[in-house]
Number of protein chains: 2
Amino acid sequence: MSGQQTRQWILSNPPSGDPVLSGANSTFELKTLTLPTPGPEQVLLKVLYLSNDPAQRGWIDADADPERLYTAPVVKGEVMRAFGVSEVVESNASALKVGQLVLATTGWSEYVVINAKECRPVQPDAKAGIRPTHFVGALGGPGLTAYYGLVDVVRTTAEDTVVVSGAAGATGSMVVQIAKHIVGCKRIIGIAGGEKKCRWVESLGADMCVDYKSPTFKEDLWKATEGFVEVYFDNVGGEILQLMLARMKRFGRISACGAVSTYNNLQGAGVKNWFEIIVNRLEVKGFIVTDAIEAGKTGPMVQKIVEKIKEGKIKIGADSETVVPTKFEDIPKTWVMLFSGGNQGKLVTEIKA
Amino acid sequence: MSGQQTRQWILSNPPSGDPVLSGANSTFELKTLTLPTPGPEQVLLKVLYLSNDPAQRGWIDADADPERLYTAPVVKGEVMRAFGVSEVVESNASALKVGQLVLATTGWSEYVVINAKECRPVQPDAKAGIRPTHFVGALGGPGLTAYYGLVDVVRTTAEDTVVVSGAAGATGSMVVQIAKHIVGCKRIIGIAGGEKKCRWVESLGADMCVDYKSPTFKEDLWKATEGFVEVYFDNVGGEILQLMLARMKRFGRISACGAVSTYNNLQGAGVKNWFEIIVNRLEVKGFIVTDAIEAGKTGPMVQKIVEKIKEGKIKIGADSETVVPTKFEDIPKTWVMLFSGGNQGKLVTEIKA
């Protein structure tokens with residue numbers, strides 16, 4: 001078979017601030033190319049679902065110091081890096097049959113030729129309600145990030161009251177459910193944007209979810225954290241982090257997972273009350289889920305999550321993800337929903353021809 | 001004997017920014033009062049030396065939330081709280097003889113009547129070069145803070161390269177010497193203000209000391225921390241902390257001891273690169289030496305420090321402290337030298353009649 005044609009989104013202008021979706025300064029650019037035919041132990045994949053992750057913003061930042069990134073940046077002119085679920089449509093690899101679904105770093109492409117060993121086969125389970133998209137959500141990076149960051153990084157126990165920001169996001173919604181159904185935390189407080197998301201977070205098991213878009217947010221947060229809290233799982237950084245520094249119990253622990261509120265504005269206001277860390281003897285620990293994966297720690301985590309899904313405790317229904325059917329030419333538009341809080345649960349791009 | 005007269009410095013106007021030393025808004029006010037005669041198990045102390053500590057600024061802040069302080073704030077109208085070395089001049093306590101030197105929280109007073117059990121007797125040792133002032137310096141809070149923060153809080157070992165800011169200060173100069181002579185760190189880098197202080201820090205055992213007042217500070221710091229560092233002992237917060245966040249090795253540890261650069265300006269610029277904590281999996285731990293004291297951990301620490309002093313390794317000569325002979329009415333003027341970097345080593349007020 002001759003080479004497959006594919007469209008690809010290329011990184012054309014690494015952004016300093018908000019990604020630019022059109023015009024001469026566009027962050028991304030659409031190209032069409034012809035792929036090579038797959039060689040030995042290679043496969044041709046058709047990309048079905050793309051994972052959208054705040055971390056991707058860091059990989060393309062104009063001002064990033066490559067020495068300080070946890071993974072190589074995306075080079076200008078290269079395909080935008082992304083992870084997702086694809087289908088094998090042509091195979092020269094004994095281990096992968098045509099029709100098999102796999103997880104792979106395909107980038108924003110329609111098709112890709114890739115080594116079979118870079119693909120991880122996945123098996124949806126309709127009976128258990130496990131859909132292909134769950135492998136980039138509850139059972140993928142966000143679920144593992146939640147588990148590792150809550151249990152391993154800051155040693156959360158049933159004695160702890162936990163606050164989680166971005167609680168309606170892919171990771172945050174799993175933090176709430178793992179805190180509730182696996183750790184059994186004393187009290188769980190979510191922070192999310194908007195009435196609807198807050199009620200949803202409560203339906204997942206949070207004792208209370210505070211709306212950061214409300215004019216009474218600070219008072220509400222103060223009330224919700226009366227007596228202060230032991231653990232804060234931070235997905236957002238910025239102003240909410242600053243407020244939470246003032247609501248930690250003495251010797252409290254902060255799991256520093258993300259700072260999505262700042263990724264498009266790294267020169268914005270900083271965290272002003274660092275002295276809370278000193279005076280209240282806080283412990284702050286940054287982490288990346290990759291460390292858990294490389295240390296071989298994630299197998300038992302997935303197992304526990306699956307167990308709780310099967311018991312009907314951890315909910316992974318249609319409302320736990322935002323799957324956006326997207327024409328290939330609109331991929332960046334779906335991606336930037338991450339930064340406007342447009343998603344409930346995992347934001348997944350479903351590629352429509 | 002009838003009551004002793006004493007002058008006292010009273011907190012009259014808790015400051016929001018820089019302490020005010022004169023005029024209607026003066027932070028402090030001088031008063032004269034007559035003390036009661038000492039009761040049973042009480043003593044009359046004459047204050048000889050006052051310890052000057054950046055933490056005192058926190059105790060008097062106008063905007064401080066008392067719930068978030070590690071110790072009760074000084075109340076407006078009360079004597080300014082301070083710790084120091086006094087001499088027993090009258091005693092109703094069996095354990096304390098007249099002439100005995102003691103450590104006590106006397107406040108900014110000439111004389112004070114106090115319970116004997118609130119006094120800790122100290123014994124200078126001229127032969128070993130241990131002067132009364134060392135009990136508020138190398139063998140007191142700063143020495144213990146350095147030891148606890150470096151060894152216990154962030155588990156520094158001989159494998160680590162350590163950077164310490166405020167390296168010419170009371171605590172920083174002890175961090176350098178403990179890192180060198182007790183822990184045996186691989187490499188020690190100080191940060192201090194001015195050529196003279198930097199050379200002094202190097203004479204204490206730092207492999208290099210970088211001058212933050214130099215126009216080439218950032219380049220110098222970058223060069224000194226090539227390959228990044230495992231441990232940062234932070235005494236200053238603010239801009240230097242922000243720079244150091246970008247110079248930590250992956251999984252590096254930050255001992256958050258102080259933030260003296262921000263104490264007079266809590267609404268100033270914050271720390272903008274919090275994402276370094278996440279991306280490079282940093283661990284930040286705040287601490288207060290009180291925790292070590294209350295846990296009974298400090299005895300062996302003092303012992304090790306004294307041992308190294310006697311071996312001539314840890315230097316506590318006259319250049320390791322700034323003892324300022326001060327008329328009682330000038331006590332606040334000496335205190336504010338803390339915030340302008342006016343001291344080398346511990347800043348001590350020696351009260352002159």
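Throughout, protein chains are lettered first and strands after them, A, B, ... in sequence-line order, and every chain is numbered starting at 1.
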S.K.: Check whether A:Arg253 gets within reach of chain B through its side chain, its backbone, both or neither, counting any heavy atom under 4.5 Å.
M.R.: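 Contact with chain B involves no heavy atom of A:Arg253 at all.
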S.K.: Heavy atoms only, distances under 4.5 angstrom: which of A:Ala246, A:Gly237, A:Cys257 has the most pairs with chain B? Name it, please.
M.R.: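 Heavy-atom pair counts peak at A:Ala246.
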S.K.: Where does A:Asp234 contact chain B at under 4.5 Å (heavy atoms): side chain, backbone, both or neither?
M.R.: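 Just its side chain gets close to chain B.
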S.K.: Do the non-hydrogen side-chain atoms of B:Trp274 and A:Leu241 ever get within less than 4.5 Å of each other?
M.R.: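 When only atoms from C-beta onward are counted, A:Leu241 and B:Trp274 do touch, with a gap below 4.5 Å.
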S.K.: Contact part of A:Ile277 toward chain B, heavy-atom cut-off under 4.5 Å: side chain, backbone, both or neither?
M.R.: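 Contact with chain B is through both the backbone and side chain of A:Ile277.
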S.K.: So how far is it from B:Glu283 CD to A:Phe287 CZ, rounded to the nearest 0.5 Å?
M.R.: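 These two atoms lie 14.0 Å from each other.
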S.K.: Within the structure provided, determine whether B:Arg68 and A:Met248 are in side-chain contact (heavy-atom separation under 4.5 Å).
M.R.: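 Touching, per the 4.5 Å side-chain cut-off.
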